[in-house]
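The next block holds one structure in the form of structure tokens; read it before the comments.
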Amino acid sequence: MSENVVHLHKNTATTADPAPVTTLTVVPEPAPPAPVPLWVRSGRAVRTVVTHDTTKTAARAAARHSLYTLNGGRIAARRAWDGRTGARYERMIRAAEAAGNLEMAEEWEERLQRFREARHRRRMDLLHSPVDAAKGVGVGAGMGVGALVALGVVMAINSGDVKDVVTPLAATVEFIGLMIRIVQIVWGPALTIGPLLALLALWAVGRHQQAAPAWSMPDQVRSGEGEPITPSIVVKALRDLGVPALRKAIQEMGDAGASMLGPIRIAGCGVEVDVTLPSGVSTIEVQNRRRKLAENLTRHEHEVFITIPQAARTVRLWIADSGALDEPIGPSPLVTDETMTADYGKGRAPWGQDLRGDAASLSLYQRHLLITGLSNQGKTVALRSLALWLSLDRSVQFLMGDLKGVGDWAMFDGLATTLIQGPTDEHVIQVTEMVEGAVQEMNRRIQAVPGTIFPPLIVLVDEAQVAFMCPAKDEDKRPYGGSKANSRYFMAVRKIHNQGRAVNVLMWQGTQDPTNENLPKLVREGAHTRASLALGTESQARMALGDKAVDGGAAPNLLRPGLDRGTLVVASDGIAIPAGQSSITVRTHYIDDDAAEAITDRAKALRDGVTTLHAIDRDPDRDPLADIASVIGTAERVRTKDVLARLGTLNPRAYGGWSFLDLKRVLDGTGAEPYKSDGVMVVARDRVARALANRDGEGSASASE
């Protein structure tokens, strides 16, 4: 019996009762817990054993190998049935009909008819085979006995012993008896071992075909992360895509859908395969399920690209190796090859790599350019790398406006004729006047003698959405921004898009987050080369690349902002795009500011020196014609190049950014226009003096009147 526990409690004395009182409390000891029944302990043990990982692994292994044998028998039986009947041909006919290939269906039907005719002949031959076999056995036996007797006669004549006549027959009988005894000895073990060997053969067939459900596979087999892409994996991914017509067609195909697939080709850091969809399944149904298809292929959504090749009812799948697209590509050849030069007419700018891992280069010859994307996705770097390559062609001239103004284009100071940097309305006004000056140069070139070759003039505006959204107006109340017919920037860009290409005046623009307000429809559709980095929505993708490219599979809205920085989708005839596709995905090289400065230093070394204008001069006090006369001096004629250099020295603020087009604009209509002498453009002293005198005379006459 358990004893009680005695606790002593001493009350603290109070002022009313100073004497402390001690009390005794008897607390019974708690009863011991009841013993756990045996059946409960046994149940817990059984549950532990059943749920243990080792038990689960053993159970999966037992189920897997049992199913290997069972399904191996099913596969062997099906193969035997296919060999004896026309089931194989009938399945191929159904598969061809499901795929809509009637020619292939007719071919398989002819093969089935030939098979049935051959089978009929074999069956008819079997009706006569017993009689023929009996006759053959009788004749063969008779001939055999005769041959043995003849051999015995020869042996008897040779030995002189009559008994040798039957020696060959006796030896043959003994050999047959030996074979019978061997069969009697082996027959018993064979009956025991034969079924085991048959089961082993069926197990081998099932194991080779992986004929077991996925839950029974070991962990390393069931894990599909990064597993190679095989035809069965692609077909299964398509079957489970959630398209009822596609699933039904695959199930009806005798080859389990393999006839839909073209060859799986290695393509860069992934593989590529063309899938011919069965009748009743459209390509858009597959495109709209890109994420589910990627997950069925054990890939992330950004690792699967779906495009539409030229073949009808076909989708082209490019499936990246797991994690390959997260690895950076190598440096740009502009950085690694210090001897590289550019050729505007015949060369291609090294821009990056396509998804196959091949070099992606872009022709810039007579092509207007538009690059768009969300902020901080690498738009400026992608646009700048093209300008850096083109700067290595000494004939190319640049007019640049950076409406961000944080120095991304500062390395072109001393290389570009005009470089305006800043985000304010005043900078937009300066950029607009720069583009309008390019329009004037374009008009001058258009009016030149047919066949005249003009040096390329690149008018580049980065962050062009700032110009389109500018609310400023000029003194005539014409807005600089907007997309109406009176918008100065919009109309200047449209004029270059309309006619600039023919005379090598090209418009390049970079903009972010395209909308109808900050990138008008007529402007974006005027670009020959359109490229887009990551975007937010499909509607923005259509604005950036056009409906044709998006309908063909281009999806910059599915690129991952931040993670796919520098990856863009290009729609242009200036880049090699696989046949039948309307766009290509390019991972561009990253060229940092230091490397960009090194490249522009090489570009400056190729030129005689360019004075960059950082603002359009509006000084009304300057007299350009008088200044031209003063810098010519006493020389009979001076090259236009030297005139520009002397004007820049005379007044750098007013003339530092002048080009030939500015000089020509001042002299046009005065009778002192530049002309060619000994193969170079010059300005004559006498003509300028005569023009100045005529102008002053006209001014005096007007004043006297």
Side-chain angles (χ1 to χ4, degrees), residues 272 274-277 281-290 293 302 304-318 351-352 354-356 360-374 377 379 382-383 386 464 483 493-494 497-498 501 506-516 518-559 564 567-588:
E272 185 178 74
D274 286 352
V275 181
T276 302
L277 300 176
V281 182
S282 67
T283 56
I284 193 64
E285 291 181 281
V286 178
Q287 283 184 294
N288 290 340
R289 291 169 171 81
R290 176 183 173 187
L293 178 61
H302 72 278
V304 174
F305 287 80
I306 305 173
T307 54
I308 309 300
Q310 193 169 4
R313 211 172 65 248
T314 302
V315 293
R316 178 167 295 163
L317 307 180
W318 185 86
W351 210 6
D354 61 15
L355 295 178
R356 301 167 178 265
S361 55
L362 180 67
S363 173
L364 303 173
Y365 179 67
Q366 292 188 346
R367 290 179 175 88
H368 302 303
L369 176 67
L370 172 65
I371 298 181
T372 187
L374 297 177
Q377 297 304 308
K379 170 180 53 63
L383 182 62
L386 298 177
S483 58
V493 173
R494 287 293 301 139
H497 277 176
N498 289 338
R501 176 177 177 270
L506 303 177
M507 191 75 206
W508 290 11
Q509 294 184 96
T511 182
Q512 60 177 258
D513 198 14
T515 64
N516 286 321
N518 63 26
L519 187 59
K521 183 176 186 292
L522 293 178
V523 170
R524 61 181 185 252
E525 291 185 351
H528 302 97
T529 296
R530 300 167 71 173
S532 176
L533 294 106
L535 289 173
T537 63
E538 181 180 332
S539 62
Q540 289 181 324
R542 292 185 180 275
M543 292 180 188
L545 300 177
D547 292 336
K548 179 180 178 181
V550 174
D551 292 338
N557 53 300
L558 297 181
L559 295 173
D564 289 327
T567 299
L568 46 77
V569 183
V570 186
S572 171
D573 61 350
I575 194 170
I577 297 178
Q581 296 182 200
S582 57
S583 65
I584 187 172
T585 302
V586 177
R587 304 173 68 197
T588 58

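We use all heavy atoms of the structure for the numbers below, so side chains are in, but hydrogens, waters and symmetry mates are not. These figures come from a predicted structure and were not determined experimentally.
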Closest non-hydrogen atom pair, V315 against L277: CG1-CD1, 4.3 Å
pair L519-L370: side-chain heavy atoms closer than 4.5 Å: yes
Residue pair M507 / V523, side-chain heavy-atom distance below 4.5 Å: no
Working for side chain to side chain contact (heavy atoms under 4.5 Å, CB included), residues R290 and F305: CA-CA 8 Å; R290 176 183 173 187; F305 287 80; 3.9 Å; yes
Heavy-atom closest pair, residues R494 and L522: NH1-O, 3.3 Å
Nearest heavy atoms of I577 and S583, plus distance in Å: CG2-O, 3.5 Å
Gap separating the CZ atom of R587 from the OG1 atom of T567, nearest 0.5 angstrom: 5.5 Å
Contact summary for R313 and V281, nearest pair of heavy atoms: CG-O, 3.8 Å
T585 vs W318, side chain to side chain contact (heavy atoms under 4.5 Å, CB included): CA-CA, chis, key distance, verdict: CA-CA 11 Å; T585 302; W318 185 86; over 6 Å; no
Flag, side chain of W351 to backbone of A382, donor-acceptor distance under 3.5 Å: yes
Any side-chain heavy-atom pair of R542 and D551 under 4.5 Å: yes
Validation row: V586, I575 side chains within 4.5 angstrom (heavy atoms): yes
Over all atoms of both residues, closest heavy-atom pair of T283 and T314: CG2-O, 3.7 Å
R367 side-chain N/O to Y365 backbone N/O, donor-acceptor pair under 3.5 Å: yes
Backbone of Q366 reached by a side-chain donor or acceptor of R501 within 3.5 Å: yes
Any side-chain heavy-atom pair of I306 and L317 under 4.5 Å: yes
L506 side chain near L364 side chain, heavy-atom distance below 4.5 Å: no
Flag side-chain contact, heavy atom, 4.5 Å: V550 against N557: no
Residues that E285 engages under salt bridge (Lys or Arg N to Asp or Glu O under 4.0 Å), provided they are two or more places apart: none
Side-chain donor/acceptor pairs under 3.5 Å, residues 525-535, sequence neighbours excluded:
residue: E525; atom: OE1; partner: K521; partner atom: NZ; Å: 3.1
residue: E525; atom: OE2; partner: K521; partner atom: NZ; Å: 2.9
residue: H528; atom: ND1; partner: H368; partner atom: N; Å: 2.9
residue: T529; atom: OG1; partner: S572; partner atom: OG; Å: 2.7
residue: R530; atom: NE; partner: R524; partner atom: O; Å: 3.3
residue: R530; atom: NE; partner: A544; partner atom: O; Å: 3.0
residue: R530; atom: NH2; partner: M543; partner atom: O; Å: 2.7
residue: R530; atom: NH2; partner: A544; partner atom: O; Å: 3.4

Contact summary for T372 and P514, nearest pair of heavy atoms: OG1-CD, 3.3 Å
Test side-chain contact (heavy atoms from CB on, under 4.5 Å) applied to K379 and I371, L374, T511, L568, the passing residue: I371
